[in-house]
Each structure stands twice: as structure tokens, then as C-alpha cells.
Amino acid sequence: MKKFSLSHSDFDSKFAFTFSLMRLMGFFVAAFVLCSVIFSVSIVLRDPPSDAVLREPSSLTPLFQITQDLDNDTSDSVELLRDKLLGGLLVDGFDENSCLSRYQSSEYHLRGLSGKPSSYFISRLRKYEAQHKQCGPYTEFYNNTVEQLRSGNFTESSPCKYVVWISFSGLGNRVLTLASAFLYALLTNRVLLVDLGVDMVDLFCEPFPDASWFLPADFPLTAQFNNFSQNSDQCHGKMLKNKSVVNSNVPSFVYLHIVHDYDDHDKLFFCDEEQHFLQEVPWLVMKTDNYFVPSLFLMPSFEQELNDLFPNKETVFHFLGRYLFHPTNSVWGLVTRYYQAYLAKVDERVGIQIRVLEKEPGPFEHVLDQILACTLKHKLLPDVNHQQDATNSSGSPKSKAVLMTSLSSGYFEKVRDMYWEYPTVTGEVVGVYQPSHEGYQQTEKQMHNQKAWAEMYLLSLTDVLVTSSWSTFGYVAQGLGGLKPWILYKPENRTAPDPPCRRAMSMEPCFHAPPFYDCQAKRGTDTGELVPYVRHCEDMSWGLKLVDSDTYR
């Protein structure tokens, strides 16, 4: 048999061939594995799988998750700061502990702001804050103008001019008139200073950084505030009546009487011609119980500025209110404790604000009938089943909290008992709550006003709101909350009106005593028909309110 044998050289050649083949196969395998890895990574980074798919850990998952978490944390922080500052309305830098509500309010106004403030409005607020810091109490400019006021000699023009707001009327009126006075100050490049009254420090935090808005106690005119009237020699209306307004002779101060009883001469304040004279006066002292903002929008000299500040006209008080009015810590404690106890853990919050303009305290049956007719007709509250003692509901029923505010407890008790004694036809669970029932308005009492301010704020935190006609209490709540309420019509002859209520055109308050005068034509006119964004109020036919002009053209 012939033996098969390899020479040494043949063996080396065969071995080299085999080794090369193995290396080539290894290269292809390694390349295939590498391509697979690269493909997998590209898929993960391009289209990260959902939590339901991404179950098995890999070397890439922790890195991807860490990067994503960091991005989310940064985004959340920016969003939180943006909400905290209300889209730029507020500035950072205040001592948070001195006024907890300033930066915490966004946690309770769950809907956020109603609309976005214009960049121009925000820039004007920052400009005003700088002006207030320069001209505020006890600054050099303030001291100089006060000295001129005290001496009665107005010798030179100062870069700082002022509007002094006199604390006057009920709390709802004070909030609305303060917002009006601030807007007027903004339009005329003045600094607003606020009369302390009896309780203003206990109600509102300082709104401006680095300088107080409260008028110093030693202001030389303070002792005269209670005596200022239409008959005062410094009253603008009386000066016009006596023809004593002379542009060449500028007084050191002028008293502006914009109270509901003001006359035709006082109302000329809303004419551009008179604004030309007033702009030279260093001190304007204002007493008012009116939200007079709608009439400012009818003045040609302010028209363009107001359009730039508020492209959407119905947001004026909403933005001014959220910027200016922050409850003090004592009031904020009343708000947050009540909210957490009764309103926080429900599916929906319904606010019902009741103001009865009767001499007797009530409760009145026709008012209760009207409240129920409104809320049941428009399905704000569920009806009850009088034929059943209980319902067989499966799962977790929807919950509603009804927050009622009134000087009387009678309406609250009736509504509460209705939802306790009978089941709802929808299966919803309804809780009814009323923080206080003071019996009658006590404007000069500190705790009474603190409770009233807390209740206005609580109403602004509801999802749906029902308010009473003519009530400034309700106007404040709807404006702060950015809510278009259902307005209860004013009853006549102690009979529930039919229909019982209607939806508001806008969230703006009503100007109860507007002038009906065309300054240019110098004759009477219907000022509710001049421009599309100033309309007559739903609850007061002669009143004026701002509306969204795009909706009501």
C-alpha cells in the first residue's frame, strides 16, 4: 500500500492556508457583531423604546436614562420658576418667608394665568419698579417734593410725580380702585403711594421690590384725607366749576373725587384736555370707590399705550390683580388651611358668592330658589333624587366641593342639608362648605377684613363660579381667578328672577358709575357704544366693562 506523506514544506503551506482562512472567518464574525451593536445603538438613540418595551438592562440604558432625567429636571425647574413668577409678571428676589403667597399662589391657581401677559406690559412693570425705587418713600426726590408740598411753594419740576390713593369704602372696592389707581399711575408715569387706612398692612404684601408702596405716616396731608370732598378748594371738579384751573399756575396738589356721587365737573377727569393740566401737578390725591379702568380705554391719549399693554382687553384686572395683591402670611394661612382641608382633594370646585342688598340679614327663600335654579339649570351642581334613600354606585364616584360665601349661614345650611338628606341623580358626592358668616359687613374690623380677603381668594381658586349682581366681592374673585362667572340677576320685589342668571361676557369687573359724555363733541353720549371692547355690564345696565374685542365686534 502506498503511503500518503507530506513534506515539511507542504505542511507549512497547508497550515498557513488554514490559519488565513480562520482569521478571515474571525474578521467577518467580528464585523458582523460590531455592525449589530452599532445598529442596535442607533435604533435606541433614534427612537427610545417605551417603558413597556425597555425591560432588560444594557450597558447603554443607564447612560440614556441619566441624560434624560437631567434634561427633565432642568426643564421642570425652568417651568416651575416660570409658573412661580406668573409668566414674568413677578420678579424673583423677594424674601419668600416675608410673603409666602407671592411665590406659592401658582400652586393653588391650578389653571395658571388666563392668557399670556404682553412683553410690553412686563417691560413697563420693570420700568415702573425702577421708578418706584428711585422715587419711593424717604428717597431724595420724595423728600424734596414733600418739602415743597409742606411749604406750599412749588418751585421746580421734579422727575417724580405721585398718585396718593386714599383708603376708602369696603374691601372689594378698595382692591378694584387700587388696581385702577395703579394703572393710571402707569399711564401717566407717576408713582403710586397707598394710604395705610386701618388695616392695609395686615391684608396685602408689598408688591414692589426695594421700596414700600405705603404712604409714610408723617405725610403732610394725611390728617385731611377724611375731610376731602367735592367742596374742598383743592378738588379738581370744584376748580373747574370756579374756573380756577390755570395752566400757568400749577398747584402743589389736586384732590380727585371719583366717588359714585361725583358730578359732571368731577367726571371731566376722563377728558384729555384736563389730563394736560393734571400732568403738571406733582401730587394727585385720589378718593374713589369705582373701578374706572373702562373709561381710561375711551381716552385717545391713552389708547395706543393701553392697546400695547393689553392686547386682550378682558385681562386687565386679572394681570394687575395677580401682580399687585398678595395676601399677607396671616391671610394666606387662612386660605391654605381651608383649601387643604376642604377643597384640595376633590374632582371639581364650585364657588357661590352671595350678596343680598336688603336691609334685613336674611336668609331669603327667593334667593335660595334663585341659586338652585341657576346651578341646577346650567348643570353646575347635580340634582338630587327625592325618591331614593341611597344609590348603588360602583367604583369611585366623582366628588364636588361647593364653597359658599355669605354674611348669612342660612343658604349654606339649606344646600348642605339637601345633599346630605338625598343622593344625587348622577351619583356624585357633594360637600358644601362656608368659611364664615359674619352677619353684617364690618369694614373697620381687622379680622373681618382678613376673612373677607381670604374668602375672595378662595373663590378665585374654584373651577366654576357663581356671583351676585353689583358685588365687588365677586368681581375681585372672578378677576383674580381668570373666571367668567355665572351672574345671579338682582331680584325685584323679593321674587326669584327668570332666568335666574347668565354667563358673564368677560372676567372684568364693572365700572358702576361711568361718565356719559363725549369730551371731543362736548355733549352727552352712550359710552358703552363707542368702541367694540367697552360694553354695558350684564348686572348693571348703565355700567361699563371691558370685553375681548375679537369676541364682541
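Predicted model only: the values in this text are computed from it and were never measured.
Here the closest heavy-atom approach between residue H265 and residue L240 is recorded as O-CD1, 3.5 Å. Among all heavy-atom pairs drawn from V356 and Y411, the shortest one is CG2-OH, 3.7 Å. The nearest pair of heavy atoms linking S229 to C235 is O-CB, 3.6 Å. The shortest heavy-atom contact between S252 and P282 is O-CG, 3.2 Å. Nearest heavy-atom pair, R102 versus L90, reported as atom, atom and distance to 0.1 Å: O-CD1, 3.4 Å. Between T315 and S114, the shortest heavy-atom contact is CG2-O, 3.7 Å.
Within a 6.0 Å radius of CD in Q340, other residues, nucleotides and ligands contribute more than 12 heavy atoms. Within 6.0 Å of the CG atom in N226, the count of heavy atoms belonging to other residues, nucleotides or ligands does not exceed 12. For K116, the NZ atom sits in a loose shell: 12 or fewer heavy atoms of surrounding residues, nucleotides or ligands are nearer than 6.0 Å. Around atom CG of N189, more than 12 heavy atoms belonging to other residues, nucleotides or ligands sit under 6.0 Å away.
Taking CE of M286 as the reference point, atom OG of S180 lies at 8.0 Å (rounded to 0.5 Å). Atom CD of residue E274 and atom NZ of residue K267 lie 15.5 Å apart, to the nearest 0.5 angstrom. If you take OG on S101 and CD on E96, they are separated by 11.0 Å, rounding to the nearest 0.5 Å. H318 contributes atom NE2, which lies 8.5 Å from atom CG of L483 (distance to the nearest 0.5 angstrom). To the nearest 0.5 Å, atoms NZ (K484) and CG (L465) are separated by 14.0 Å. Of the inter-residue distances, the one linking L268 atom CG with E273 atom CD reads 8.5 Å to the nearest 0.5 angstrom.
Annotation: side chain of E305 is in contact with side chain of R124 (closest heavy-atom distance under 4.5 Å). Contact of the K451 side chain with the M447 side chain is registered, since non-hydrogen atoms from C-beta on lie closer than 4.5 Å. At least one side-chain heavy atom of H536 sits under 4.5 Å from a side-chain heavy atom of D526. Counting heavy atoms from C-beta outward, V146 and Y162 have side chains that stay 4.5 Å or more apart. Contact annotation: the side chain of L178 approaches that of L192 to within less than 4.5 Å [non-hydrogen atoms, C-beta and beyond]. Side-chain contact between T405 and F473: present, with at least one pair of heavy atoms (C-beta onward) separated by less than 4.5 Å. With contacts defined as side-chain heavy-atom distances shorter than 4.5 Å, the pair S232/N227 does not qualify. Side-chain contact between K545 and F317 is absent, with no heavy atoms from C-beta onward closer than 4.5 Å.
Aromatic ring centroids of F225 and F168 lie 6.0 Å or more apart.
Between V285 and the options V254, I166, L256, a side-chain contact (heavy atoms from CB on, under 4.5 Å) holds for only I166. Checked options F204, F319, W332, F182; the residue passing with F325 is F204 (criterion: ring-ring contact (aromatic ring centres under 6.0 Å, His included)). Each of T467, T375, L380 was compared with W486 under the side-chain contact (heavy atoms from CB on, under 4.5 Å) criterion, and only L380 meets it. Checked options Y291, Y475, W542, F292; the residue passing with H512 is Y475 (criterion: ring-ring contact (aromatic ring centres under 6.0 Å, His included)).
Proximity of a side-chain donor or acceptor of E538 to a complementary backbone N or O of A504 within less than 3.5 Å is not detected. Not a single donor-acceptor pair under 3.5 Å links the side chain of R190 to the backbone N or O of V163. Judged purely by atom type and a 3.5 angstrom limit, N329 uses its side chain to pair as donor or acceptor with the backbone of N97. Remark: side-chain polar atoms of D272 are paired, donor with acceptor, to backbone N or O of S301 under 3.5 angstrom. With D347 contributing its side chain and K400 its backbone, the two residues share no donor-acceptor pair below 3.5 Å. Between the side chain of N290 and the backbone N or O of F511, no donor-acceptor pair lies under 3.5 Å. Under the 3.5 Å distance criterion, the side-chain polar atoms of S469 are matched with a main-chain donor or acceptor of L488. D195 places no side-chain N or O within donor-acceptor distance of the main-chain N or O of W165, the cut-off being under 3.5 Å. Proximity of a side-chain donor or acceptor of Q478 to a complementary backbone N or O of M507 within less than 3.5 Å is detected.
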### Task
Run the numbers on L183 and L187 for side chain to side chain contact (heavy atoms under 4.5 Å, CB included), then give the verdict.
CA-CA 6 Å; L183 180 57; L187 292 170; 4.2 Å; yes
### Task
Dump the intermediate steps for side chain to side chain donor-acceptor pair (under 3.5 Å) on H260 and D289, then the final yes or no.
CA-CA 7 Å; H260 65 274; D289 57 0; 2.7 Å; yes
### Message
Evaluate L113 against L89 for side chain to side chain contact (heavy atoms under 4.5 Å, CB included), listing each step before the verdict.
### Response
CA-CA 10 Å; L113 284 179; L89 279 185; 4.0 Å; yes
#### Entry: Stepwise side chain to side chain donor-acceptor pair (under 3.5 Å) test for E147 and N143
CA-CA 6 Å; E147 185 56 39; N143 292 339; over 6 Å; no
### Query
What's the verdict on side chain to side chain contact (heavy atoms under 4.5 Å, CB included) for Q134 and F141, showing C-alpha distance, side-chain angles and the deciding distance?
CA-CA 8 Å; Q134 180 186 34; F141 290 122; 3.5 Å; yes
### Task
Run the numbers on Q450 and S330 for side chain to side chain donor-acceptor pair (under 3.5 Å), then give the verdict.
CA-CA 8 Å; Q450 286 185 334; S330 55; 3.3 Å; yes
### Query
How far apart are the C-alpha atoms of V191 and Q131, what are their side-chain angles, what is the distance that settles it, and do they pass the side chain to side chain contact (heavy atoms under 4.5 Å, CB included) test?
CA-CA 7 Å; V191 168; Q131 181 186 17; 3.9 Å; yes
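In this pair, Y342 and Y338 present their aromatic rings tilted. The plane angle is within the 30 to 60° band. Using the six-membered ring where Trp is involved, F228 and F253 have ring planes that are tilted, between 30° and 60° apart. Ring pair Y457/W453 is perpendicular by interplanar angle, where above 60° counts as perpendicular and below 30° as parallel. A tilted orientation is assigned to the rings of W283 and F219, their planes being inclined by 30° to 60°. The aromatic rings of Y262 and F270 stand perpendicular to each other, their planes meeting at an angle above 60°, with 30° marking the opposite boundary.
Side-chain atoms of S406 and S408 form no donor-acceptor pair, as typed in the model, at a separation below 3.5 Å. Looking at S471 and Q353, their side chains do bring a donor and an acceptor atom within 3.5 Å of each other. One side chain, S212 or E206, offers a donor N or O that lies under 3.5 Å from an acceptor on the other.
Electrostatic pairing of D199 and R174 counts as a salt bridge here, judged by a charged N lying under 4.0 Å from a carboxylate O. One finds no salt bridge joining K313 and E508 here, because no Lys/Arg side-chain nitrogen approaches an Asp/Glu carboxylate oxygen to under 4.0 Å.
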